[in-house]
Trainee: 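Take a look at this one; I'll ask things after.
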Number of protein chains: 2
Amino acid sequence: MVTKGNAFDPNCPTRTILDRIGDKWTVLVVLSLRSGPLRFTELRDGIGRVAPKVLTQTLRRMERDGLITREVYPEIPPRVVYTLTPMGASLIEPISVITDWAETHVPAITRAQQRYDEPA
Amino acid sequence: MVTKGNAFDPNCPTRTILDRIGDKWTVLVVLSLRSGPLRFTELRDGIGRVAPKVLTQTLRRMERDGLITREVYPEIPPRVVYTLTPMGASLIEPISVITDWAETHVPAITRAQQRYDEPA
DNA sequence: CCTCGACGGTATCTATTGGTAACTGGCTAC
DNA sequence: GTAGCCAGTTACCAATAGATACCGTCGAGG
């Protein structure tokens with residue numbers, strides 16, 4: 001009943017990572033940084049409507065997890081640059097497997113939902 | 001700045017699917033049903049502590065998405081059996097790509113977190 | 001007749017999270 | 001002087017996740 005030994009353990013670290021992947025913004029940050037470092041506002045503008053508070057939270061968590069680095073240039077006006085670490089970059093592959101699956105199955109899922117909702 | 005044309009669109013269906021993947025329980029239900037259909041209580045007991053309400057929500061959503069089927073046998077006591085659809089089963093592959101990545105990088109992430117938390 | 005337990009859930013409440021709107025500080029340009 | 005830029009922070013609110021308790025139906029046991 002267990003995948004690789006611990007997927008069903010509530011304290012399983014793998015689950016924590018799944019939470020990150022599932023996090024709406026983390027994935028978008030990774031994809032945004034694919035092609036190079038970006039500043040805070042560049043990320044904010046590139047990703048759709050994201051509240052600065054939420055973006056900050058996401059970035060701090062990703063920095064803590066070692067997925068990105070945060071470099072502060074104490075200039076005026078301030079400049080903060082976010083860069084994918086090698087580990088962060090290695091996430092692109094798994095993410096695209098998921099998004100490929102998603103894009104392949106979107107039509108089927110939409111159809112299933114319509115069938116489910118119809119009788120109501 | 002866009003992955004495959006729409007990953008950054010808030011209404012993008014791919015994002016909806018990512019939310020499902022990221023959902024703590026959906027993944028565990030898929031993995032639980034890998035080896036065959038299960039009843040509600042079997043799922044509840046197999047997956048760690050999950051509130052019945054939350055499990056019900058998860059299962060309904062997955063049924064709506066066409067990932068599982070729900071068969072009700074109006075016996076006494078009632079019997080409800082959940083089964084992976086082919087589409088649901090096809091999720092196992094992408095999921096294991098993610099969990100493989102996660103398990104590979106758990107040590108590095110843990111180390112990164114410790115380094116981040118230490119100075120405080 | 002009365003209670004008990006199995007099953008597959010609801011009902012109700014609280015805690016956590018996601019999100020909005022407004023504000024900060026230092027400096028520069030108008 | 002005041003308006004704006006950057007990179008956030010703070011105060012606040014709404015939606016969601018989750019824990020706990022309860023429900024109805026039925027047969028078994030006393």
Side-chain angles (χ1 to χ4, degrees), chain A residues 8-12 15-29 32-33 36-65 68-83 116 120, chain B residues 8-12 15-30 32-33 37-65 68-83 116 120:
Chain A
F8 290 84
D9 174 5
N11 300 325
C12 165
R15 188 175 291 183
T16 307
I17 288 167
L18 277 174
D19 288 347
R20 297 290 183 280
I21 307 295
D23 180 45
K24 209 168 14 188
W25 307 115
T26 300
V27 170
L28 295 178
V29 169
S32 297
L33 293 179
L38 291 177
R39 307 174 56 173
F40 186 85
T41 42
E42 290 169 337
L43 278 168
R44 177 169 53 74
D45 297 344
I47 298 172
R49 297 226 151 276
V50 56
K53 189 195 82 170
V54 178
L55 184 56
T56 301
Q57 286 174 348
T58 303
L59 293 170
R60 288 289 138 79
R61 208 165 33 198
M62 292 177 72
E63 190 196 356
R64 190 173 108 96
D65 291 345
I68 58 174
T69 56
R70 177 174 181 271
E71 286 152 301
V72 183
Y73 299 89
E75 308 165 355
I76 297 300
R79 191 159 61 92
V80 178
V81 173
Y82 294 94
T83 313
Y116 187 93
Chain B
F8 290 83
D9 173 5
N11 299 325
C12 164
R15 188 175 288 185
T16 308
I17 288 168
L18 276 175
D19 288 346
R20 296 290 183 282
I21 307 294
D23 179 44
K24 206 165 22 185
W25 308 115
T26 300
V27 171
L28 294 177
V29 169
V30 170
S32 297
L33 294 178
L38 291 177
R39 307 174 58 173
F40 186 84
T41 42
E42 290 170 337
L43 278 168
R44 177 169 52 73
D45 297 344
I47 299 172
R49 298 224 150 276
V50 56
K53 189 195 83 170
V54 178
L55 184 55
T56 301
Q57 285 174 348
T58 304
L59 292 170
R60 288 289 138 79
R61 207 163 35 195
M62 292 177 72
E63 191 196 356
R64 190 173 108 96
D65 290 345
I68 59 173
T69 58
R70 178 174 180 272
E71 288 153 299
V72 182
Y73 299 89
E75 307 165 353
I76 298 301
R79 192 157 61 92
V80 179
V81 173
Y82 294 94
T83 312
Y116 187 93

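In what follows, every chain begins at residue 1, and chains take the letters A, B, ... in the order their sequences are listed. All values below were derived from every heavy atom in this structure, side-chain atoms included, with hydrogens, water molecules and symmetry-related copies excluded. Computed from a predicted structure; not experimentally measured.
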Trainee: Measuring from atom CD of A/Gln57 to atom CE of A/Met62, what distance do you get when rounded to the nearest 0.5 angstrom?
Mentor: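 Atom-to-atom, A/Gln57:CD and A/Met62:CE are 13.5 Å apart.
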
Trainee: Sequence neighbours left out, what passes side chain to side chain donor-acceptor pair (under 3.5 Å) with B/Arg60? Give chain and number order.
Mentor: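 Applying side chain to side chain donor-acceptor pair (under 3.5 Å) to B/Arg60 gives none.
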
Trainee: Write down the distance between CG (A/Leu38) and C1' (D/dG8), rounded to a whole number of angstrom.
Mentor: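 In whole Å, D/dG8 C1' and A/Leu38 CG are 17 Å from each other.
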
Trainee: Report the distance from atom CZ of A/Arg79 to atom C1' of D/dA7, rounded to the nearest whole Å.
Mentor: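 Between C1' of D/dA7 and CZ of A/Arg79: 13 Å.
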
Trainee: Residues two or more places apart in sequence or in another chain: which of them pass side chain to side chain donor-acceptor pair (under 3.5 Å) with B/Arg79?
Mentor: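 Partners of B/Arg79 by the side chain to side chain donor-acceptor pair (under 3.5 Å) criterion, ordered by chain and then number, come out as B/Glu75.
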
Trainee: Starting at the 5' end of nucleotides 10-30 of chain D, put B wherever the base has a protein heavy atom under 4.0 Å, S where only the sugar-phosphate does, and a dash everywhere else.
Mentor: BB------BBB-----S----

Trainee: Can you name the residues that form a salt bridge (Lys or Arg N to Asp or Glu O under 4.0 Å) with A/Arg70, not counting sequence neighbours?
Mentor: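 Partners of A/Arg70 by the salt bridge (Lys or Arg N to Asp or Glu O under 4.0 Å) criterion come out as none, since no residue qualifies.
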
Trainee: Please work out if A/Arg44 contacts a base, only the sugar-phosphate, or nothing of the nucleic acid, heavy-atom cut-off 4.0 Å.
Mentor: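 Nothing, no heavy atom under 4.0 Å.
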
Trainee: Nearest whole angstrom, please: distance from the P of D/dC5 to the CZ of A/Phe40.
Mentor: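 From A/Phe40 CZ to D/dC5 P: 15 Å.
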
Trainee: Quick one: salt bridge (Lys or Arg N to Asp or Glu O under 4.0 Å) partners of A/Glu71, sequence neighbours excluded?
Mentor: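 Scan of A/Glu71 (salt bridge (Lys or Arg N to Asp or Glu O under 4.0 Å), adjacent residues dropped) gives none.
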
Trainee: Taking only residues two or more places apart in sequence, or in another chain, which ones meet A/Arg61 in a side chain to side chain donor-acceptor pair (under 3.5 Å)?
Mentor: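 Listed in chain order: A/Asp23.
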
Trainee: Only counting residues at least two apart or in another chain, list the ones meeting side-chain contact (heavy atoms from CB on, under 4.5 Å) with B/Pro37.
Mentor: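 Scan of B/Pro37 (side-chain contact (heavy atoms from CB on, under 4.5 Å), adjacent residues dropped) gives B/Val81, B/Thr83.
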
Trainee: Identify the two heavy atoms, one from B/Arg39 and one from B/Tyr82, that lie closest to each other, and give their separation to 0.1 Å.
Mentor: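 For B/Arg39 versus B/Tyr82, the nearest heavy atoms are C-CD1, 4.5 Å.
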
Trainee: May I ask you to evaluate whether A/Arg60 reaches the phosphate of D/dG8, defined as a side-chain N or O under 4.0 Å from OP1 or OP2?
Mentor: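 For A/Arg60, the contact criterion (side-chain N or O under 4.0 Å from OP1 or OP2 of D/dG8) is met.
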
Trainee: With a 4.0 angstrom cut-off to heavy atoms of chain A, pull out the first and last contacting nucleotide of DNA chain C, in 5'-to-3' order.
Mentor: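 From 5' to 3', the first and last contacting nucleotides are C/dG19 to C/dC27.
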
Trainee: What residues, two or more places apart in sequence or in another chain, satisfy side chain to side chain donor-acceptor pair (under 3.5 Å) together with B/Arg64?
Mentor: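 Listed in chain order: A/Asp117.
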
Trainee: Give me the bend of the helix from C/dC1-D/dG30 to C/dC30-D/dG1, using the axes of the five pairs at each end, rounded to 10°.
Mentor: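 That helix gives 40° between its end axes.
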
Trainee: At their closest point, which heavy atom of A/Ile21 faces which heavy atom of A/Val27, and how far apart are they?
Mentor: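 A/Ile21 and A/Val27 have their closest heavy atoms at O-CG2, 3.1 Å.
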
Trainee: Under 4.0 Å between a side-chain N/O of A/Thr56 and OP1 or OP2 of D/dG8, yes or no?
Mentor: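 The answer is no; no side-chain N or O of A/Thr56 sits under 4.0 Å from OP1 or OP2.
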
Trainee: Partners of B/Arg20 by salt bridge (Lys or Arg N to Asp or Glu O under 4.0 Å), sequence neighbours excluded?
Mentor: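 Once residues adjacent in sequence are excluded, the partners of B/Arg20 under the salt bridge (Lys or Arg N to Asp or Glu O under 4.0 Å) criterion are B/Asp65.
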
Trainee: Base, sugar-phosphate, or nothing for A/Tyr73, non-hydrogen atoms under 4.0 angstrom?
Mentor: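 No contact.
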
